[in-house]
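Working notes, structure below.
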Amino acid sequence: MQLPSWAALGPALVLALTALVLLGLDSIDPDSTHSSALAGISALGALSALGLAGWYLLAGTGQASTGGPILLYGDALVVDGMSLFFSVIFASVAAMVIVASYDYLKGRTYQAEFYSLVMLAATGMTLMASSNSLASVFVSLELASLPSYALVAFLKRNEGSVEAGLKYFLIGAVSSAVFAFGISLVYAVTGSLLLSDVASGLVDAGDFVGVAGVGVLLIAGGFAFKTASVPFHFWAPEAYEGAPAPISAFLSSASKAAGFAVAFRVFVEAFPIASVVPMGIDWPLLFAVLAVVTMTLGNFAAATQENVKRMLAYSSIGHAGYALIGLAALSQGGPNGQVMGASMAHLLVYGFMNTGAFLFIALVEHWEVGRTFEDYNGLATKAPVACTAMTVFMFSLAGLPPFGGFLSKYALFYSAVQGGFWWLAAVGAINSALSLFYYSRVVKAMWIEEPSTPFELESKPVGLYVAVMFAAVGTLLLLPGFGPVVETAQTAATALFA
Amino acid sequence: MVGAFDYAPAIVLLPFLSFLVALAGGKYLPKGGAFGGIAATAGSLLLSVWVFLTVSGGETHNDTLYTWVAGVSEETVSLELGLLLDPLSAMMLIIVSLVALLVHVFSLGYMNDEGETGLPRYYAGLGLFTASMLGFVVADNLLMAFMFFELVGLCSYLLIGFWFRQEGPPSAAKKAFLVTRFGDYFFLVGVVAVFATFGTAAFAGPDSFPHIAELAMPGGESPDGAVNTFGFDPRTWFTIVGLLVLGGVVGKSAQFPLHTWLPDAMEGPTPVSALIHAATMVAAGVYLVARMYGFYALSPTALAIIAFIGGFTALFAATMGVVKREIKQVLAYSTISQYGYMMLGLGAGGYVAATFHLMTHAFFKALLFLGAGSVIIAMHHNENMWDMGGLKEKMPVTYYTFLSGSLALAGIVPFAGFWSKDEVLYEALVHGLGGSTLLLGAYAMGLVAVFFTGFYTFRMVFLTFHGEPRTETARDPHGVRWNVKGPLVVLGVLAATAGLVNMTPVAEMLGMPGIELLHKWLAHGGIEMTTSEHYVTLLEEQADYHATHLSPLVPGLVSLGLALAGAGLAHVLYNVPSPERHTDKLGAIKTLWYNNYYQDELQVWLADGVVRPLARAADKFDQGVVDGVVDGVSSVSLFAGGRVRRIQTGIVSNYAALLTLGLTALVLVFGIMGGWFV
């Protein structure tokens with residue numbers, strides 16, 4: 001039996017449907033206190049989307065083995081290996097975030113709104129990964145962004161949360177303007193919004209190369225906002241710090257990955273290196289500059305933080321810098337599929353370890369222990385299991401073996417070296433070494449330092465624990481399982497370049 | 001059919017099992033686990049005999065048991081564990097398991113009856129020691145040999161330092177460990193070099209590294225460049241590799257200049273000394289050279305170096321043995337000296353002679369140590385020979401067996417040591433006269449050492465057993481039981497008779513080559529590449545070693561005469577009711593010998609005066625330059641991090657401004673570079 005072609009969008013449809021169901025429930029019973037039912041529905045939706053995406057990915061939907069990408073709705077959307085790979089990331093992060101939020105939201109109102117906003121944002125991200133025209137790119141990007149603004153400001157009585165939400169929104173508005181302006185310039189030159197048509201239109205840009213170049217650069221700016229890359233990163237430390245910790249996890253893992261997903265597709269499909277670089281639009285160099293500045297700035301700033309959550313926020317900027325190598329270490333005739341695939345695989349591993357780290361912060365916030373490194377002193381004596389998981393996340397983020405983060409970083413730097421961008425890999429390696437400093441500070445505080453004031457942990461929230469453990473096990477399993485992951489990613493990326 | 005070879009792994013595993021048993025349950029077992037060790041080594045001995053009989057039926061075994069790192073393609077190496085059972089290893093198995101069994105039995109008297117504590121640890125150590133050595137003997141490749149070689153080293157460390165609460169033993173154990181480790185470092189590099197050169201480390205078979213090396217020699221069957229010799233001439237490179245491996249041999253077999261650990265190792269329990277000297281640790285080095293003799297035979301340079309190290313060590317150690325006061329110290333230097341003979345034999349092309357001496361020495365040296373142990377029990381752990389005297393009447397069994405061992409050590413006909421030492425010297429002489437004149441120098445040193453050996457051996461015997469008792473303890477010694485006497489008798493008989501298996505001079509004289517059993521034993525076997533016949537061919541073709549024809553009678557008589565002269569001098573000087581310290585007449589030479597030629601001081605000076613300043617300089621570099629750079633980087637990054645933090649003002653309009661400025665800068669830079677504004 002052959003599923004209808006629209007079913008290829010299954011993951012996005014399931015997520016959207018879940019969001020609508022939640023909204024419906026909320027309008028019927030606005031004061032619902034059935035938080036477990038709400039969380040259950042959302043988790044079910046996220047897991048079904050994960051299952052669908054994983055099934056499609058394994059079955060080869062939209063990939064070369066079953067007849068290539070599936071184009072839908074006048075070519076505005078596309079389903080291929082890459083979009084499914086990223087759907088897996090979004091859905092798994094969403095699932096972890098939802099399970100963790102069950103405990104985090106205990107006793108708060110507007111829970112249904114929270115879950116439905118998460119689902120809507122996830123829908124937007126999934127669509128971003130599938131967008132095949134600049135119009136759908138913009139719309140899905142906004143679909144992912146607008147719920148995010150609200151979610152960051154979800155703690156309405158918390159000044160930090162509200163302030164962060166507003167700043168995020170304002171920077172987001174500026175960035176969207178830049179992005180839309182970029183799209184309009186590219187449209188002006190090429191006369192089309194479909195990525196493939198843009199590519200062919202650019203060939204005859206003629207005298208309008210300058211206009212196209214500015215457009216390409218502004219579009220890159222829009223993506224830089226979504227991925228929290230310099231100079232569009234200003235919102236990130238504040239938003240991640242002010243937002244509820246599960247939302248920080250969601251934004252720093254899934255939302256960032258979505259930015260990369262759409263950037264990968266748009267730049268590879270619409271602005272092929274072979275034709276635009278000789279015209280003077282050297283976007284791989286642009287991304288190389290952004291990668292170096294982003295990873296350096298993120299890591300340097302993270303090193304001086306006192307607040308663990310803010311440290312993670314900067315480290316997340318640093319990781320955006322690593323992932324940018326996937327767009328920077330590209331060249332005509334180079335091993336481009338390998339580079340971009342390694343970057344995708346790193347984003348997947350990052351999805352687990354970074355989500356886990358932020359969820360551990362959520363756990364600590366739940367215990368009301370405190371926010372600085374000093375407050376974490378001696379935490380391991382009270383919560384050894386969770387602290388072990390956090391140690392795994394920290395070392396994995398730093399790229400130490402034997403954790404998943406080691407292999408993904410290794411594959412990324414290795415492919416960059418193969419592509420001839422050894423200096424990018426070198427900068428990345430130096431930054432990784434620096435990052436070990438601040439990651440190990442957390443570990444040191446938890447395991448080695450004595451607590452400054454004695455404290456008791458009141459409860460062991462099941463949902464948060466499950467989510468943290470899931471992320472930890474994922475991080476560990478991605479070490480032996482990294483081979484198939486990176487292979488899938490590189491196959492998907494190579495298909496994009498073909 | 002299930003044969004001896006199927007059970008061969010058990011030879012190694014049984015003592016290992018006794019190690020585990022003694023370690024886990026020794027506390028609850030009678031005698032601290034001794035019986036387990038005795039049963040295990042007895043089992044190993046029986047199986048070894050079975051293997052020996054099977055091998056003497058003409059069968060050999062060379063097989064991989066377990067591949068622990070599989071090479072992924074033809075070019076990559078596989079790391080394996082396997083068994084190589086040929087005449088050499090079959091013989092060595094019997095020696096090792098027999099000596100280990102007797103040492104276990106003896107330990108009942110030396111350790112249990114003396115009320116030592118920590119016995120489970122002791123027997124666990126003995127079990128692991130035996131297992132490691134047996135594993136080393138049956139190893140079918142160099143890497144496996146290296147692994148067991150290291151285990152042997154570890155066990156010697158554990159056992160020498162058995163009395164770890166006293167001051168001396170832990171320090172001696174550390175010294176033994178570090179000095180042999182220094183040699184093993186070269187060995188390890190050699191193992192890597194063998195893998196890098198040949199892609200295999202197997203000892204025997206068509207794909208073994210000695211065979212590949214043989215084919216790769218000039219005029220061999222392999223084309224030029226078949227093996228990677230790293231830009232050297234094949235012979236030069238093989239010499240280098242051989243000498244690297246030799247580093248481990250020199251350390252383990254206590255050859256000059258890495259012999260210094262061995263006299264100190266006397267701090268360990270005496271049965272352990274017997275095991276170390278006769279069958280395990282020290283024997284491992286020489287055995288390794290014999291095991292890969294096909295490789296050394298390709299390089300006359302390596303052979304000459306081996307011969308010279310051996311000859312020099314034989315003489316050098318014998319002189320030091322002359323002046324020692326303690327019975328075990330004399331034995332320690334005699335061990336160094338005797339292994340020097342074996343090295344001399346190997347280097348001089350006398351593969352069979354050296355193996356022969358390895359065997360006879362194992363018996364008589366184990367005997368001497370156990371005899372010394374018996375004396376030490378009797379003397380309430382006083383080892384000073386000047387406090388003994390007259391023990392002959394009190395402990396006849398110990399005396400006569402010790403005498404048998406001493407006659408063998410001194411090389412008096414017809415005891416075992418005479419035949420084997422004589423053959424070593426004979427081989428050096430005939431190959432020296434046959435064109436490799438350098439060997440004559442090594443021969444001369446070995447010959448002079450014979451005199452010293454006879455002297456120090458009988459000085460020891462006379463001081464210990466003859467004359468008047470010089471102390472109260474010697475007048476009324478502590479008795480010893482069957483578990484001490486039994487092993488002594490077995491070994492005493494072997495020390496007297498083991499030499500008869502290979503009476504080369506007699507065979508020559510009577511014209512009966514058939515009685516040279518060991519020659520026949522090592523000459524044949526299913527694995528052609530490890531037979532002594534093949535080695536002789538190799539030596540002639542590759543190393544240009546040729547033997548002149550010479551009757552063994554005259555050289556035999558010369559060395560016998562020298563041994564008798566040494567023994568006779570000892571008789572005149574020391575076999576009197578109250579001997580004097582005649583060696584004092586040597587004056588400065590005695591001081592030099594007594595202080596071991598100041599070798600320890602030299603090594604301490606090397607460590608202190610040369611290595612330490614170098615290490616300090618390296619440390620300076622590390623602390624100053626490397627750490628300085630690292631610290632500098634970290635302070636720069638923290639400073640920069642602080643700056644970056646300041647950009648993040650918290651005011652959103654600043655952000656928007658910076659964002660716009662950044663974007664504008666990018667547009668300008670890339671626009672100008674890309675020519676967008678033209």
Side-chain angles (χ1 to χ4, degrees), chain A residues 163 166-171 173-175 178 182 207-218 220-221 224-225 230-238 276-277 279-283 285-286 289-290 293 296-306 310 313-314 317 430-431 433-434 437-438, chain B residues 67-73 75-76 79 618-619 621-678:
Chain A
E163 184 188 329
L166 186 63
K167 283 180 183 168
Y168 185 24
F169 172 68
L170 290 173
I171 302 289
V174 174
S175 307
V178 169
D207 293 340
F208 296 109
V209 171
V211 178
V214 175
V216 169
L217 202 145
L218 296 186
F225 162 72
V230 175
F232 291 80
H233 68 285
F234 291 103
W235 60 273
E238 256 122 279
V276 301
V277 173
M279 293 164 66
I281 308 175
D282 194 355
W283 57 263
L285 181 65
L286 169 71
V289 171
L290 291 189
V293 177
T296 310
L297 182 133
N299 280 305
F300 275 41
T304 52
Q305 299 303 320
E306 290 307 318
R310 203 170 168 89
Y314 277 108
I317 296 176
I430 292 171
N431 270 298
L434 176 65
F437 162 70
Y438 56 81
Chain B
T67 304
W68 50 284
V69 175
V72 286
S73 67
E75 288 84 38
T76 52
L79 307 182
D619 183 55
F621 180 79
D622 184 52
Q623 297 274 336
V625 180
V626 179
D627 281 16
V629 169
V630 172
D631 289 347
V633 167
S634 82
S635 46
V636 165
S637 32
L638 286 180
F639 176 76
R643 293 279 138 166
V644 172
R645 244 177 111 169
R646 237 177 265 175
I647 301 176
Q648 197 83 18
T649 51
I651 300 165
V652 75
S653 45
N654 288 359
Y655 297 168
L658 283 170
L659 188 159
T660 319
L661 283 175
L663 189 64
T664 314
L666 283 174
V667 169
L668 281 177
V669 170
F670 279 86
I672 290 167
M673 272 172 49
W676 299 346
F677 307 130
V678 201

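All values below come from the heavy atoms of this structure, side chains included, with hydrogens, waters and symmetry mates left out. Convention: sequence-line order gives letters A, B, ...; per-chain numbering from 1.
Of the two parts of L434(A), only the side chain, counted from C-beta on, holds a non-hydrogen atom closer than 4.5 Å to a non-hydrogen atom of chain B. Using a 4.5 Å cut-off between heavy atoms, E163(A) touches chain B through its side chain atoms alone. If you measure heavy-atom distances from V174(A) to chain B, the contacts under 4.5 Å come from the side chain alone. Looking at V289(A), the atoms closer than 4.5 Å to chain B (heavy atoms on both sides) all sit in the side chain, from C-beta outward. Neither the backbone nor the side chain of V230(A) comes within contact range of chain B, judged by heavy atoms closer than 4.5 Å. In this structure, the portions of L285(A) lying under 4.5 Å from any heavy atom of chain B include both its backbone and its side chain. Residue L286(A) touches chain B through both its backbone and its side chain, counting heavy-atom pairs closer than 4.5 Å. Only the side chain of Y314(A) has a heavy atom closer than 4.5 Å to any heavy atom of chain B.
Residues V216(A) and V276(A) form no side-chain contact, since every pair of their non-hydrogen atoms from C-beta on lies 4.5 Å or further apart. By the 4.5 Å heavy-atom criterion applied to side chains, H233(A) and L297(A) are counted as neighbours. The side-chain heavy atoms of I317(A) and P237(A), taken from C-beta on, include a pair separated by under 4.5 Å. Residues L170(A) and W235(A) form no side-chain contact, since every pair of their non-hydrogen atoms from C-beta on lies 4.5 Å or further apart. Looking only at side-chain heavy atoms (C-beta outward), N299(A) and Y438(A) come within less than 4.5 Å of each other.
F225(A) CZ to Y168(A) OH: the interatomic distance, rounded to the nearest 0.5 Å, is 4.5 Å. Once rounded to the nearest 0.5 Å, the distance linking CH2 of W283(A) with CG of L290(A) reads 12.5 Å. To the nearest 0.5 Å, the span separating CG on L166(A) from CD on E238(A) amounts to 11.5 Å. The distance from the OG1 atom of T660(B) to the CZ atom of F232(A) is 8.0 Å, given to the nearest 0.5 Å.
The candidate from G213(A), A220(A), A224(A) with the greatest count of non-hydrogen atom pairs under 4.5 Å with chain B is G213(A). Among N654(B), V652(B), L659(B), the residue with the largest count of heavy-atom pairs under 4.5 Å with chain A is L659(B).
Residues of residues 665-672 of chain B placed with any heavy atom under 4.5 Å of a heavy atom in chain A are listed by number as L666(B), V667(B), F670(B).
For the pair L218(A) and G182(A), the tightest heavy-atom approach, listed with the atom from each and the gap, is CB-CA, 3.6 Å.
Residue-environment remark: CZ (F208(A)) stays at or below the threshold of 12 foreign heavy atoms within 6.0 Å.
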